[in-house]
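Everything on this sheet refers to the single structure shown next.
Reckoned from all heavy atoms, side chains included, excluding hydrogens, waters and symmetry mates. Counting from 1, the numbers follow the sequence of the chain as shown. Order of appearance sets the numbers: ligands from 1, and atoms from 1 within every ligand.
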Amino acid sequence: MSAPKLKAPRGTFDVLGEQASVRAALEASARAILESAGYERIETPAFEATELFARGVGESTDIVRKEMFTFTDEAGRSLTLRPEGTAPVCRAYVEHGMHKRRQPVKLWYLSSFFRHERAQAGRYRQFWQVGAEALGSDDPALDAESIALLVELLQEVGVTGARLRLSSLGSAETRGEYRELLKAHLRANEGSLSEDVRSRIDLNPLRAFDSDHEATKRVMEGAPRLLEHLNDDDAEHFAQVRGLLDVADIAYEVDPTLVRGLDYYARTVFELTSDALGAQSGVGGGGRYDGLVEQLGGPPTPGVGWAAGVERMMLAGELQPAAITAVELFVAFEEPGSRRIAFGILAEARSAGLRARMELGGRSLKGQLGYANALGARYVAIVEAEATVLRDMEGGGQERIATDTVIHAVLRGLRTL
Ligand code: HAM
């Protein structure tokens, strides 16, 4: 009996061939856009102390309550596969004393994240995000620059017609006062609310704005709006961000019902959605998280950033796989005794900087020529005991030459192209 076949776990996938090539193109775009704006690459570990997310993302969020892959190490420490990248980047900022560098410190990542979600198209349990975080300045121009970079990335990868929604959550104090108003409104309408929203009136009343439940939605239409309760500083900050987006000609809609699924946001929040995606319409989102670094044990440090889902950008975008680079020399041989010589030619070709391949699959000479043709090889060297036949696959000619002159001949041939 043969062993049972194994499959990748639910909500995960293998990245193969053309998909890998499209991802490479996307990474190149993200790198070019973000590094030109002064963002440096950062990679943090795939797992962190569970406390980082409990404190950073927030105990009342769906992510922390039900979506984390958490395990215990041999010393009894609770660890979690990272569900997002902002809390880890802030942890690293504090751990490496980055507040001593020139501010703002700008960091970007392209990493995989893990959430125990119901898997469906565009929603996975392991997914990738491109993220950009800028720490150490509360200048509204940093919010606007950050948003502009996300918009540019989406344009570059061909996500057309994405909608930018924008709001401000104000400061922690404003939000505290506003939460009381909202709780009172929810309590007054408790009978119409969904079970989930009702159970979280105290814990996380703002999430009621995200509910799909019809009666809850109607209650929320009449709810007080946080945007109308901002203090003067926060209202001014929000006005500045909007004004700067206008300067950059970036279209947005102010959406006072926009709440994001993470607790660390303060002031600006934004989300980009694309109709091309169906139910999982969020391509990217982010905002300001001015209290997060301090909450993680660092000095008071403002910050703003976003993350965009790689798979969602690929679904909504039009990236082409990077062009396949043609093989310049294929080294073929018929007699097993010629393998050593062929391998020597391959090594020499690579030292000379040629894109070279050799026969590694035990094919007949005819099979090898067919394979070289399929690879688009420009030259094929057929190694024999005493000499080598060099065939020009494009020009059609061939010549029998001394084996130690093959590389020279190929280089000369390529130069005369
Ligand atoms: P988020 O909105 O939770 O924000 O995720 C950002 C993006 O990641 C989403 O817009 C979506 O494209 C993608 N994404 C999220 N969950 C999944 C999933 N299960 N499957 C596929 N794609 C997914 C954050 O993670 C924040 N850390 C963003 C941020 C950075 N805020 C400030 N700085």
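- If you look at ligand 1, the protein residues with a non-hydrogen atom under 4.0 Å away are Glu84, Thr86, Arg115, Glu117, Gly122, Arg123, Tyr124, Phe127, Gln129, Glu133, Arg260, Leu262, Tyr264, Tyr265, Gly282, Val283, Gly284, Gly285, Gly286, Gly287, Tyr289, Gly305, Trp306, Ala307, Gly309, Arg312.
- Sorted by first then second residue, the ring-ring contact (aromatic ring centres under 6.0 Å, His included) pairs that include residues 281-326, not counting sequence neighbours, are Tyr264-Tyr289.
- His237 places a side-chain N or O within donor-acceptor distance of the main-chain N or O of Asp138, the cut-off being under 3.5 Å.
- Side-chain N or O atoms of Thr216 include none that pairs as donor or acceptor with a backbone N or O of Asp212 at under 3.5 Å.
- With sequence neighbours excluded, the residues satisfying side chain to side chain contact (heavy atoms under 4.5 Å, CB included) with Glu95 are Arg91.
- In this structure Glu311 satisfies the salt bridge (Lys or Arg N to Asp or Glu O under 4.0 Å) test together with Arg23, sequence neighbours excluded.
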Next item on the list: Kindly determine whether Tyr379 and Phe330 satisfy ring pair (Phe, Tyr, Trp, His ring centres under 6.0 Å), including the steps that lead there.
Entry: CA-CA 6 Å; Tyr379 287 97; Phe330 185 89; over 10 Å; no
